[in-house]
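To start, the structure under review is shown below, and the notes come after it.
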There are 2 protein chains.
Amino acid sequence: MRKDYSHPIEVTMDVVCGKWKGVILCHLQQSEVLRFGEIKKLLPNVSQKTLTLQLRELEADGLIDRRVYPEVPPKVEYSLTDYGRELEATLNLMSDWGKSHVEKVELNS
Amino acid sequence: MRKDYSHPIEVTMDVVCGKWKGVILCHLQQSEVLRFGEIKKLLPNVSQKTLTLQLRELEADGLIDRRVYPEVPPKVEYSLTDYGRELEATLNLMSDWGKSHVEKVELNS
DNA sequence: CTGAATCCAGAACGATACTG
DNA sequence: CAGTATCGTTCTGGATTCAG
């Protein structure tokens, strides 16, 4: 843990609030296991460096597993840990709220 | 809305992921109405400028109301909009997850 | 009391090129 | 294929000062 938190929600926000972390976690929820390149395809606008960094941070926080196969060419698979799976309900709620937000905005246009 | 989103969760993250926004929303859930100075006291580590900015952004996104009383000295009250209140379940879940995370870490020390 | 204005440091994010 | 390294930009948040 990184610092003093005045409210428990800060912990979750610290862990989830990278620019791409939410989407990555959502995709891992749906697909169970994804290779680096597959995630990259699902997030067309993220740079390789940034994606690597976000994945490393999620790994360091214990939300995802990173499995490296000692092959050539390399193969790396990512999946949620049990711990990361405990965020499932939260992520789903966040998606739902975002979806209804988008729908409302589209109604007014 | 600010840009193209590839996944609805990005909308929610955009709106909630300021450094202090989650905590502010949580406090407004509990207290209904809070004056600027009261929020400041609840977040001892935030600067005035940053707090003002975060509140303005939450207002622009339609999550909170800002009510100015034309008095001297000034009085400004903040409260959740109906729309912001729709985040209640999400914020509670995020708090719960953060709380259990903290407890787990404390067990191992 | 609330907040605007300015200035600034550091972090976050991206583009590009290179590697086992 | 899945990175690392480097560089540069943009964004965020904080300190400080001033104002109605």
Side-chain angles (χ1 to χ4, degrees), chain A residues 1-7 9-10 13-25 27-28 31 33-61 64-79, chain B residues 1-7 9-10 13-25 27-28 31 33-61 64-79:
Chain A
M1 206 90 48
R2 276 161 269 188
K3 46 169 191 177
D4 284 347
Y5 296 103
S6 75
H7 193 286
I9 199 175
E10 293 186 60
M13 307 239 321
D14 249 25
V15 154
V16 157
C17 283
K19 184 163 179 186
W20 306 97
K21 290 184 187 176
V23 210
I24 295 171
L25 293 171
H27 283 304
L28 284 175
S31 307
V33 177
L34 287 172
R35 296 187 57 172
F36 183 88
E38 295 174 320
I39 301 179
K40 182 106 183 51
K41 268 175 218 154
L42 291 167
L43 296 302
N45 298 321
V46 70
S47 70
Q48 223 165 18
K49 172 198 152 188
T50 300
L51 180 54
T52 303
L53 194 62
Q54 303 265 308
L55 288 167
R56 288 292 143 78
E57 290 177 10
L58 289 171
E59 189 193 1
D61 285 325
I64 65 175
D65 261 333
R66 176 170 178 269
R67 180 158 188 183
V68 183
Y69 294 84
E71 304 173 0
V72 177
K75 174 175 165 184
V76 181
E77 286 181 345
Y78 294 91
S79 57
Chain B
M1 206 89 48
R2 275 161 270 189
K3 47 168 191 177
D4 285 347
Y5 295 103
S6 76
H7 194 286
I9 200 174
E10 293 184 60
M13 307 240 321
D14 250 24
V15 154
V16 157
C17 283
K19 185 163 179 187
W20 306 97
K21 290 184 185 176
V23 210
I24 295 172
L25 293 171
H27 284 302
L28 283 175
S31 307
V33 177
L34 286 173
R35 295 186 56 175
F36 182 88
E38 293 175 322
I39 301 178
K40 182 105 183 53
K41 267 173 218 156
L42 290 167
L43 295 316
N45 297 321
V46 71
S47 72
Q48 228 164 17
K49 170 198 151 186
T50 300
L51 179 55
T52 303
L53 193 64
Q54 303 266 307
L55 289 167
R56 288 291 142 78
E57 290 178 10
L58 289 171
E59 189 194 1
D61 285 325
I64 64 175
D65 261 333
R66 177 170 178 266
R67 180 157 189 186
V68 183
Y69 294 84
E71 304 173 358
V72 177
K75 173 174 164 183
V76 180
E77 285 182 347
Y78 295 91
S79 57

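Proteins come first, then strands; the chains are lettered A, B, ... in the order of their sequence lines, and each starts at number 1.
Between its two ends, the helix from C:dC1-D:dG20 to C:dG20-D:dC1 turns its axis by 50°, counting five pairs per end and rounding to 10 degrees.
We find that CG of A:Leu43 is positioned 10 Å from P of C:dG14, with the value rounded to whole Å. Remark: P of C:dC13 and NZ of A:Lys40 are 15 Å apart, rounded to the nearest angstrom. In this structure, NZ of A:Lys49 is placed 12 Å from P of D:dC7, rounded to the nearest angstrom. Note: CD (A:Glu77) to P (D:dC1) measures 15 Å, nearest angstrom. Rounded to whole Å, the distance from CZ on B:Phe36 to P on C:dC1 is 11 Å. One can place CG of A:Leu55 at 8 Å from P of D:dG3, the figure rounded to the nearest angstrom.
Considering only side-chain atoms of B:Lys19, the nucleotide from D:dT4, D:dG13, C:dG14 that sits closest is D:dG13.
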Contacts under 3.5 Å, N or O only, protein and nucleotides 17-20 of chain D:
none

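Here B:Thr50 lies in heavy-atom contact (under 4.0 Å) with a base. Using a 4.0 Å heavy-atom criterion, one finds that A:Tyr69 contacts no nucleic acid atom at all. Heavy atoms of A:Gln54 sit under 4.0 angstrom from primed sugar atoms or phosphate atoms, though from no base atom.
In this model, the phosphate group of D:dT4 is approached by a side-chain N or O of A:Arg56 to a distance below 4.0 Å at OP1 or OP2. The side chain of A:Arg66 places an N or O atom within less than 4.0 Å of a non-bridging phosphate oxygen (OP1 or OP2) of D:dG3.
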Taking only distance into account, with no hydrogens and no angle test, what donor-acceptor pairs under 3.5 Å do side-chain atoms of residues 65-78 of chain B form with protein atoms, sequence neighbours excluded?
from	atom 1	to	atom 2	distance (Å)
B:Arg66	NE	B:Tyr78	OH	3.3
B:Tyr69	OH	B:Glu77	OE1	2.9

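Summary of the strand contacts: B:Val68 and A:Gly18 both lie near DNA chain C, and taking for each the nucleotide with the nearest heavy atom, the more 5' one is attributed to B:Val68.
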